[in-house]
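Following: one structure in structure tokens, then a few remarks.
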Amino acid sequence: MLDLKFVRSNQDVVAYMLKERGYDLDLSRFQSLDEQRRSMLASLEDLRYRRNKVSDQIAAMKKRGEDASSLISEMKTVSKEIKAMEAELPEIVDQLNKLLMLIPNIPHESVVVGKSADDNPVVRRWGEIREFDFAPFPHWEIGEKLNILDFSRAAKIARGRFSLQSGLGATIERALINFMLDIHTNRHGYTEVLPPFLVNSDSMTGTGQLPKFREDLFKVDGWDLFLIPTAEVPVTNIHRDEVLSFDELPIKYVSYTPCFRSEAGSWGKDTRGLIRQHQFNKVELVKFCCPEDSDQELESLTADAEEILQYLELPYRVVSLCSGDLGFAAAKTYDIEVWLPGQHLFREISSCSNFTDFQARRANIRFRRKTGRGTELVHTLNGSGLAVGRTLVAVLENCQQPDGSVLIPEALRPYLNGLSIIGRGE
RNA sequence: GGAGAGAUGGCCGAGUUGGCUGAAGGCGCUCGCCUGCUAAGUGAGUGUAGGGCGAAAGCUCUACCGAGGGUUCGAAUCCCUCUCUCUCCGCCA
């Protein structure tokens, strides 16, 4: 959510910047709602002031044993007016908030103007793309031949877009999770958290999934609970409605959770394999920092995620999302795209974003500086570190051998009792 | 699931015959004083959000005592609903 006062005093700038990311702000509606709200609030406060003052008078008169009945009957009318306004005002505020809640974040000044993913500039590349002397297979074929991925049984148990991993397919997934958590806690200084996998609507609103993206979520019938689409939601909401102290910033959390997404609107996309699932595992990095540090914190968070791929020796590139491809709450986003030889393309495996104060304002997460009074909103950031299922995909496709086996990257072997290769029959 | 108790400021904790209590007291914290160190002592200050006036310091108004409704001229105090916490019993990974 943007700051009401900021929008009010920078309407043209806001409208212009939002246009760059394809959002049309209804300025006249905003203005009229804002003015209604302010004038109504002013007269309501006047009435309340009167009521408070006269009530004190009544109390004083009664103490002296005087008759206050005329004042009381007068205040009855005032009280009714107040009640009427108190009923009316929230409707205006609601409409204004709804409008404000649907406005996306303003892109960071370094973000390139563009329409779609095609306009995303590549920031850097890492690793050598391996030359195959045979046609590399897509991971679903590798996995099914090795008997570690089973999509048809998963569909029987649940439905399409679910997967069943067995044997080493399950073990490698677990190894990847542990490997990533160890790197981020031991080397990068993140604190591990294991949050609830279901959250309430306040939390979903805090990070921006609600009210706009309800269709993307799974909701628990009869409860105010949703399955989390990413650990970003429960972890960012750890500090909802809190005032943090300057000394504890930046706060860095790493969290493994499964993620659940309805994938509404992506019918027919990536129907094969592990790429796009209703349920997948992810290790997520989340940071809270003060505003002047968030640019730098995004760089280091992205580097922390990249390091996982470097350890696993998987080639990748980093792109900076252009204005038109930016997510709703993000001011700036780097996507890390890993090379998938089986499909011959770069595929997003991590998305690292600086949300500036956008989520913090919604979720009311503030901090207090040592000097100076009052509070300020923190900046929040997060990024995958990494999407585990897609990492498995990358390992299977990049490390496949002509005979259908898969070489395990060195860094992962300690997590698999030294196992170096997945062969058939295992 | 059954029976109780509770939810107040950064923390602890008063206030429940409704009326200068945004909230006593204590702790913590900030600034100053004192003690040549440490401890102690001492003075002042110390919530958040929104609005008005002001160049600013500041002054002033409104709201907030778990959340939402209700009663009343007036609610932290009374009533209802919900959420959460705690104790006992039952059940359970």
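In the text below, chain A, chain B and the rest are named by the order of the sequence lines, each starting its count at 1. All figures in this text were calculated on a predicted structure; none of them were measured in a lab.
For Glu74(A) and G74(B), the CD to C1' distance is 14 Å, given to the nearest whole Å. Between the CG atom of Leu377(A) and the P atom of U48(B) there is a distance of 14 Å, given to the nearest Å. Arg368(A) has its CZ atom 11 Å from the P atom of C11(B), to the nearest Å. For the pair Glu81(A) CD and C73(B) C1', the computed distance is 14 Å after rounding to whole Å. Rounded to an integer number of Å, the gap from CG of Leu41(A) to P of C64(B) is 13 Å. Following rounding to the nearest Å, Lys80(A) (NZ) and G74(B) (P) show an atom-to-atom distance of 11 Å. The separation between Lys53(A) atom NZ and U62(B) atom P is 6 Å, rounded to whole Å. Atom NZ in Lys63(A) sits roughly 14 Å away from atom C1' in G74(B) (whole-Å rounding).
For the P atom pair drawn from G52(B) and G45(B), the interatomic distance equals 29 Å after rounding to whole Å. If you take atom C1' in G32(B) and the same atom in G47(B), they sit 23 Å apart, rounded to whole Å. Between U8(B) and C88(B), the two C1' atoms lie 27 Å apart (nearest whole Å). Atom name C1', nucleotides U16(B) and C78(B): the rounded distance is 9 Å, in whole Å. Rounded to whole Å, the C1' atom of C65(B) lies 30 Å from the corresponding atom of G43(B). Of the C1' atoms belonging to U83(B) and U46(B), the separation is 32 Å, rounded to the nearest Å. On the P atoms, G13(B) is 10 Å away from A7(B), given to the nearest whole Å. Taking the C1' atom of each, A76(B) and G4(B) are spaced 23 Å apart, rounded to whole Å.
The stretch residues 43-51 of chain A touches RNA chain B through Glu45(A), Arg48(A), Tyr49(A), Arg51(A), each having a heavy atom within less than 4.0 Å of the strand. Non-hydrogen atoms lying under 4.0 Å from RNA chain B are contributed by nothing in residues 239-252 of chain A. Within residues 82-98 of chain A, the residues that place at least one heavy atom under 4.0 Å from RNA chain B are, in residue-number order, Lys83(A).
Nucleotide U77(B) forms a pair with no other nucleotide shown, judged by Watson-Crick or G-U wobble geometry with both contacts under 3.5 Å. Nucleotide C92(B) forms a pair with no other nucleotide shown, judged by Watson-Crick or G-U wobble geometry with both contacts under 3.5 Å. The pairing partner recorded for G32(B) is U42(B), the criterion being a Watson-Crick or G-U wobble arrangement whose two distances lie under 3.5 angstrom. Figure legend. C84(B) is base-paired to G6(B); pairs are counted as Watson-Crick or G-U wobble with both atom distances under 3.5 Å. Using N1 to N3 plus N6-O4 or O6-N4 for Watson-Crick, or N1-O2 and O6-N3 for G-U wobble, each under 3.5 Å, U48(B) pairs with A63(B). Nucleotide G22(B) forms a pair with no other nucleotide shown, judged by Watson-Crick or G-U wobble geometry with both contacts under 3.5 Å. Base pairing of U71(B): no nucleotide in any strand meets the Watson-Crick or G-U wobble criterion (both distances under 3.5 Å).
Relative orientation of the His188(A) and Tyr190(A) rings is perpendicular, given thresholds of 30° and 60° on the angle between their planes.
For Asp24(A), there are no side-chain hydrogen bond (donor to acceptor under 3.5 Å, both in side chains) partners, not counting sequence neighbours. Under the side-chain hydrogen bond (donor to acceptor under 3.5 Å, both in side chains) criterion, Glu45(A) pairs with no residue at all, not counting sequence neighbours. Applying the side-chain hydrogen bond (donor to acceptor under 3.5 Å, both in side chains) rule to Gln165(A) yields the partners Glu173(A); only residues at least two apart in sequence or on another chain are considered. In this view, His278(A) and Phe162(A), Phe218(A) satisfy the ring-ring contact (aromatic ring centres under 6.0 Å, His included) rule, not counting sequence neighbours. Take Arg174(A) and apply the side-chain hydrogen bond (donor to acceptor under 3.5 Å, both in side chains) test, not counting sequence neighbours, and it matches no residue.
Taking the six-membered ring where the residue is Trp, the centroids of Phe355(A) and His108(A) are separated by 6.0 Å or more. In summary, the aromatic rings of Phe288(A) and His239(A) are positioned with their centroids under 6.0 Å apart. Side-chain rings of Phe197(A) and Phe260(A) stay apart, their centers remaining 6.0 Å or farther from each other.
In terms of position along RNA chain B, the nucleotide closest to Arg366(A) lies nearer the 5' end than the nucleotide closest to the other residue of the pair Arg366(A) and Arg8(A). Toward the 5′ end of RNA chain B lies the nearest nucleotide of Asp56(A), the other residue of the pair Asp56(A) and Asn52(A) mapping further downstream.
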Set out, line by line, the N/O atom pairs under 3.5 Å between protein and nucleotides 91-93 of chain B.
none

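Within the structure, salt bridge (Lys or Arg N to Asp or Glu O under 4.0 Å) contacts touching residues 277-298 of chain A (residues at least two apart or in different chains) are Lys282(A)-Glu284(A), Lys287(A)-Glu297(A), Glu292(A)-Arg369(A). Sorted by first and then second residue, the side-chain hydrogen bond (donor to acceptor under 3.5 Å, both in side chains) pairs with a member in residues 88-98 of chain A form an empty list; sequence neighbours excluded. Applying the side-chain hydrogen bond (donor to acceptor under 3.5 Å, both in side chains) rule to pairs touching residues 322-332 of chain A yields Ser110(A)-Lys332(A), Asn120(A)-Asp325(A), Lys332(A)-Tyr334(A), sequence neighbours excluded.
Nucleic acid contact class of Ile58(A) (heavy atoms, under 4.0 Å, all strands): base.
Judged by distance alone, the side chains of Tyr316(A) and Arg347(A) never bring a donor and an acceptor atom under 3.5 Å apart. A donor and an acceptor atom, one from each side chain of Arg50(A) and Asn52(A), are nowhere located under 3.5 Å apart.
Inter-residue side-chain proximity for Leu312(A) and Leu176(A) is flagged as met; some heavy-atom pair is nearer than 4.5 Å. Residues Val319(A) and Val123(A) fail the side-chain proximity criterion, which asks for heavy atoms closer than 4.5 Å.
Between Thr375(A) and A49(B), a side-chain N or O to OP1/OP2 separation shorter than 4.0 Å is present.
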